[in-house]
Amino acid sequence: MSRLYVARNPRVAARSLDGEMMIMSGRDSTLFTLNKTATILWQSADGTTPLDEIVELRICQEFEVEPAEALHDAETLARELASHDIIQISEEPIPQRNPTAGDSR
Amino acid sequence: MPELTAEVERLSLVIAIGDMPVRVNTTDPLFLDILQDRYAGFLGSNERAEIEFDVDVTPPVYPVPDIGVRVTQRLGRWSLQAGDFLAEWEPASRTGRIRQTANPYSIDAVLRIVHTLVLARQGGFLAHSASAIRNGKAFLFAGVSGAGKTTIARLAPPDVTLLTDEISYVRKQDAGYIAYGTPFTGELAKLGENVSAPLAALYLLAQGSENRIDPIAPGEAARSLLANLLFFAEDEELVQSTFHSAVEFVSRVPVSRLTFVPDSRVWELIG
């Protein structure tokens with residue numbers, strides 16, 4: 001089975017406010033507020049860590065959830081975020097110019 | 001052979017809103033009169049201007065095309081377009097040109113847009129909110145149409161200086177923010193005072209059965225502020241700047257929800 005890689009889109013603006021991650025698409029000015037799982041996914045989306053590793057090391061550590069179920073949910077979430085151009089997904093590692101997690105400024 | 005051309009006198013005035021003087025040049029004396037009347041109290045010295053617009057006053061066209069506002073940037077030149085005006089502005093040269101009929105509304109829209117573009121790069125903004133000064137401090141009252149901006153402005157007691165009942169002007173300065181008076185009016189149809197003061201608080205308006213102030217979470221504050229900002233540009237970099245400006249603002253300025261009944265006692269809670 002191929003692995004999935006996720007990377008933050010450098011063209012969106014992101015800030016954490018009192019633990020709440022807010023993201024604005026520069027393309028269409030849409031504002032997103034990420035829940036805890038989506039925030040972990042966003043912060044871990046460095047383009048080189050496979051999604052299953054993110055799920056195993058970050059999401060399953062944070063929430064009491066079965067790895068297979070968590071991976072399925074994470075893939076669904078990743079595709080949804082990608083549909084809004086917030087992250088990129090690929091079956092190959094995604095080179096990032098600025099892979100630092102967290103706020104984009 | 002007789003001279004067939006004549007030198008046309010160029011007339012000009014300076015409209016100074018938010019400490020940013022904009023010189024407007026025209027050859028139409030009627031249009032100049034319109035501007036002098038529209039921006040009374042916001043006219044600056046003719047010697048100093050940060051931006052200069054030449055206005056080509058065109059004959060009326062009916063009906064006015066309903067195409068909405070488009071603000072785009074290409075190669076350092078902004079294009080501002082709506083059914084009733086066409087404008088260009090180049091920040092590097094600080095000059096621009098506006099084509100419109102002799103009316104005060106089109107140039108008003110151009111000025112609002114240009115101010116939002118300038119402020120967005122400086123951490124400031126224009127917002128759909130009333131604002132006022134009391135005891136040397138400025139307060140913003142934000143909300144969508146019908147939330148009570150004009151009502152709160154109308155209820156202000158005599159010791160309150162009204163900055164606007166519709167569009168507030170906020171400039172970032174050092175660690176804080178300054179609110180300025182604007183000539184941009186709402187239903188009150190009364191120009192704000194051309195003064196400024198350090199901004200002390202932003203209130204998100206809600207009408208209810210009692211007067212009360214409730215704290216709100218930073219995330220909700222940022223979302224509400226963003227929903228009330230004037231923003232026109234189709235420009236990724238500027239969208240990002242505006243987002244960061246809003247987040248920065250709610251991190252530095254207290255933001256609360258002000259629920260009020262429409263009578264003057266609400267002002268007992270302000271200042």
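Residue numbers begin at 1 in each chain, while the letters A, B, ... track the order of the sequences.
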TODO: Take atom OH of B:Y105 as the centre, draw a 6.0 Å sphere, and report whether it contains more than 12 heavy atoms from other residues, nucleotides or ligands.
DONE: no

- [ ] Write down the atom of A:S29, the atom of B:V239, and the distance for their closest heavy-atom approach.
- [x] OG-CG2, 3.5 Å

- [ ] Could you tell me which non-hydrogen atom of B:F243 sits nearest to which non-hydrogen atom of A:L31, and how far apart they are?
- [x] CE1-CD1, 3.6 Å

Task: Residue B:T242 versus chain A: region with a heavy atom under 4.5 Å - done: neither

Open item on the list: Need one label for A:T33: side chain, backbone, both or neither, based on atoms under 4.5 Å from any heavy atom in chain B.
Closed with: side chain

TODO: Measure the spacing between CE of A:M22 and CG of B:L226 and express it to the nearest 0.5 Å.
DONE: 6.0 Å

TODO: Of all the heavy-atom pairs spanning A:L17 and B:A222, show the shortest one and how long it is.
DONE: CD1-CB, 3.5 Å

TODO: Can you measure from CG (A:D28) to CD (B:E234) and round to the nearest 0.5 angstrom?
DONE: 11.0 Å

Task: CZ (B:R257) with more than 12 external heavy atoms under 6.0 Å - done: yes

Task: Atom CZ of B:R77: over 12 foreign heavy atoms under 6.0 Å - done: yes

TODO: Work out which heavy atom in B:Q240 is nearest to a heavy atom in A:P10; give both atom names and the distance.
DONE: NE2-O, 4.2 Å

Open item on the list: Looking at every heavy atom in both A:A14 and B:H244, which two are closest together, and how far apart are they?
Closed with: O-CE1, 3.9 Å

Open item on the list: Using a 6.0 Å cut-off, check whether atom CZ of A:R11 has over 12 heavy atoms from anything other than its own residue.
Closed with: no

Open item on the list: Taking salt bridge (charged side-chain N to carboxylate O under 4.0 Å, His left out) as the definition, give me every residue that meets it alongside B:R252, ordered by chain and number, with sequence neighbours left out.
Closed with: B:E248

Open item on the list: Can you confirm whether A:E53 is buried at CD, in the sense that more than 12 heavy atoms of other residues, nucleotides or ligands lie under 6.0 Å from that atom?
Closed with: yes

